[in-house]
2 protein chains.
Amino acid sequence: MTSVPSASPDLSAIPDAELLRLDHQVCFSLHAASRAFGGYYRRALKDLGLTYSQYLVMLVLWEQGPQPVKAIGGRLHLDSGTLSPLLKRLESAGLVRRERSREDERSVVIELTSEGAGLRERALSVPRGVLAATGLSLEEVLGLQEVLGRLTGALGEVVDGD
Amino acid sequence: MTSVPSASPDLSAIPDAELLRLDHQVCFSLHAASRAFGGYYRRALKDLGLTYSQYLVMLVLWEQGPQPVKAIGGRLHLDSGTLSPLLKRLESAGLVRRERSREDERSVVIELTSEGAGLRERALSVPRGVLAATGLSLEEVLGLQEVLGRLTGALGEVVDGD
DNA sequence: CACAATTGAATTGTGCACAACTCAATAGGC
DNA sequence: GCCTATTGAGTTGTGCACAATTCAATTGTG
């Protein structure tokens, strides 16, 4: 631990003050990129009447079919405090139905309406537009996703396991 | 434009339905990673009494000194609708002062109090902890920041220039 | 100088994210 | 069966993000 691989710059040799600089903080570039995506999707999804987060929920439903709130939350790492009002808005928009499960009355199953299912057709063209807008190559996208996945996993472990 | 570089898989050969899968969407991994950072910082900054976004504002002030709301917003890509209430909370916490500029009465200059400036000492150890929690090497972090920077720039251009 | 256009903050309204809590349904131990 | 613990949604409260609007200060132009 006191010696570092020779190929890597020695992180411990960098002073605290340098690491504190805004430009050097991963959180900032990630935060900015995430919000830049938000801005793009706000426009791209306007026609569909969806927000960024509602789109993510619809992706799960299109892909996996009817399922309880809990399962959607597990897939997207969102809790009921976020999903309950969001799903009510999707219900008001006529895109999903919310029904208590018969097997377990605590659970609420979310199901697409025919309108919600039909919206998928119009969403098919969105991802390609996004990829084009990023200006990244497919390799870069795949590499980015791999690194981000590890990042999320590592941060999740630190948070949960502490 | 109709032919792709031979080293890159042909993006246009991938069907729409495949691109629509949640796992293949960059926005999702980015969104998840950004929120994972939020969770980490929530804990790391609890002692300092700062939120994630407040920390970013403090970074700017620690680094650049007193400056108008507009300049902070430019640095972080945030508008007055976000910054005004945030800065009022920082003022209530005794970390900053808000004063109308004498040169331009429209502008409000944000300045650190001595307490706010003193908080920097306690924040110095935060970035190293974050880097450790990510589990990434320094090269990976630098590569990530480079890609994210290009991403943000490209998405910003699409949004602004359209 | 007068007046229109622009600029910088602030406000309002909508929606997301999450902690903390409530409440009902279920599961387990006795 | 009874009682406790757990689980799944929902609610409440705080804070961030952003569009749209308001308003005062400033700038530009005639």
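Worth saying up front: this structure is predicted, and the values here are computed from it rather than measured. Throughout, protein chains are lettered first and strands after them, A, B, ... in sequence-line order, and every chain is numbered starting at 1.
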Quiz item: Does a salt bridge link B:E140 with A:R150, judged by any charged N lying under 4.0 Å from a carboxylate O?
Solution: yes
Quiz item: Do NZ/NE/NH1/NH2 and the carboxylate oxygens of B:D47 and B:R122 come within less than 4.0 Å?
Solution: no
Between [N] atom [atom2] and [X] atom [atom1], what is the distance in whole Å?
| X | N | atom1 | atom2 | value |
| --- | --- | --- | --- | --- |
| B:K70 | D:dA24 | NZ | P | 20 Å |
| A:L50 | C:dG15 | CG | P | 12 Å |
| B:D79 | D:dG15 | CG | P | 18 Å |
| A:L87 | D:dA9 | CG | P | 10 Å |
| B:R102 | D:dT26 | CZ | P | 12 Å |
| A:L86 | C:dA17 | CG | P | 8 Å |
| A:R100 | C:dA24 | CZ | P | 11 Å |
| A:L78 | D:dA9 | CG | C1' | 15 Å |

If you check the [X] side chain, which of [options] turns out closest?
| X | options | result |
| --- | --- | --- |
| A:R35 | D:dG10, D:dA17, C:dC18 | D:dA17 |
| A:R42 | D:dA19, C:dA9, D:dA9 | D:dA19 |
| B:T82 | C:dA17, D:dT6, D:dC18 | D:dC18 |
| B:S80 | D:dA17, C:dA10, D:dA9 | C:dA10 |
| B:R106 | C:dA9, C:dA25, D:dA24 | D:dA24 |
| B:V108 | C:dT26, C:dA10, D:dG15 | C:dA10 |

Exercise. Would you confirm whether B:R120, through its side chain, and B:G116, through its main-chain N or O, come within 3.5 Å as a donor-acceptor pair?
Key: no
Self-check item: Donor-acceptor contact below 3.5 Å, side chain B:Q145 vs main chain A:S29
Solution: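 Judged by distance alone, no pair lies under 3.5 Å.
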Distance check: side-chain N/O of [X] vs OP1/OP2 of [N], anything under 4.0 Å?
| X | N | result |
| --- | --- | --- |
| B:K88 | C:dT11 | yes |
| A:H77 | C:dC18 | no |
| B:R98 | C:dA10 | yes |
| A:S107 | D:dA9 | yes |
| A:S84 | D:dT11 | no |

Exercise. Tell me what B:L83 touches on the nucleic acid: a base, only sugar-phosphate, or nothing, going by heavy atoms under 4.0 Å.
Key: nothing
Quiz item: What is the nucleic acid contact for A:P85, judged by heavy atoms within less than 4.0 Å: base, sugar-phosphate only, or nothing?
Solution: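 Nothing, no heavy atom under 4.0 Å.
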Self-check item: Centroid separation A:F37 to A:Y52 less than 6.0 Å
Solution: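 They do not qualify: ring centres at least 6.0 Å apart.
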Quiz item: Does D:dG30 have a Watson-Crick or wobble partner in any strand here, with both distances under 3.5 angstrom, and which is it?
Solution: C:dC1
Self-check item: Derivation of the side-chain contact (heavy atoms from CB on, under 4.5 Å) call for A:I72 and A:L83
Solution: CA-CA 9 Å; A:I72 299 175; A:L83 287 175; 4.3 Å; yes
Quiz item: Given that B:E105 and A:K46 both sit by DNA chain D, which one's nearest nucleotide is further toward the 5' end?
Solution: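 Result: A:K46.
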